Engineer: 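Right, I'll just put the structure down here and ask away after.
Computed over heavy atoms, backbone and side chain alike; hydrogens, waters and symmetry mates excluded. Small disclaimer: the values here were computed from a predicted structure and weren't measured.
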Amino acid sequence: MHTTMQTLGRVAIIGGAAFVAIVNILMFQGVESMPQEVKVSVYQRIYIMALCIPLIFVTGIVLGM
């Protein structure tokens, strides 16, 4: 059972890292040619998306209780 949990944890970490990398590549595509206001908007969207991670974590703990 411990081995299964370790494997699932590692799959989640690697999958999450790959997902974040893909999202960053897609969101920052062509950012060098964008005006400053649009660049700020892209960074704001990424920041808001990053805030979802702790929200999901805390929700899982609350539901687990």
Side-chain angles (χ1 to χ4, degrees):
M1 186 106 130
H2 181 71
T3 305
T4 303
M5 189 59 71
Q6 285 288 320
T7 303
L8 291 175
R10 290 177 184 173
V11 167
I13 289 171
I14 292 169
F19 178 72
V20 168
I22 291 170
V23 168
N24 276 329
I25 289 170
L26 293 175
M27 291 192 74
F28 283 118
Q29 198 168 25
V31 78
E32 64 274 351
S33 63
M34 294 178 182
Q36 186 65 23
E37 298 82 28
V38 178
K39 287 181 188 179
V40 170
S41 172
V42 170
Y43 278 102
Q44 286 174 342
R45 282 194 312 243
I46 290 173
Y47 183 75
I48 295 296
M49 289 170 61
L51 287 177
C52 292
I53 295 170
L55 179 66
I56 292 168
F57 179 75
V58 171
T59 304
I61 291 173
V62 170
L63 290 175
M65 295 174 136

Engineer: Are Tyr43 and Leu51 connected in the hydrophobic side-chain network, where two residues link if heavy atoms are under 4.5 Å apart?
Structural biologist: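 As far as the 4.5 Å side-chain criterion goes, Leu51 and Tyr43 are not connected within one cluster.
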Engineer: Can you get from Val20 to Ile46 by hopping between Ile, Leu, Val, Met, Phe, Trp and Tyr side chains that sit under 4.5 Å apart?
Structural biologist: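 Hydrophobic grouping puts Val20 apart from Ile46.
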Engineer: Taking Leu26 as the fixed residue, which of Asn24, Val23, Ile22 is the one that meets the side chain to side chain contact (heavy atoms under 4.5 Å, CB included) rule?
Structural biologist: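 Output: one option passes, namely Ile22.
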Engineer: Hey, any chance Val38 and Val40 share a hydrophobic cluster, counting ILVMFWY side chains that come within less than 4.5 Å of each other, even indirectly?
Structural biologist: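 No, Val38 and Val40 fall in different hydrophobic clusters.
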Engineer: Nearest 0.5 Å, what's the CG-OG1 distance between Leu8 and Thr3?
Structural biologist: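 Rounded to the nearest 0.5 Å, the CG-OG1 separation comes out at 11.0 Å.
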Engineer: Do you know the tightest heavy-atom contact between Met34 and Lys39?
Structural biologist: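 Shortest heavy-atom contact: O-CE, 3.3 Å.
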Engineer: Would Val42 and Met49 show up in the same hydrophobic cluster when neighbours are defined by side-chain heavy atoms closer than 4.5 Å?
Structural biologist: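 Yes; Met49 is reachable from Val42 via cluster members.
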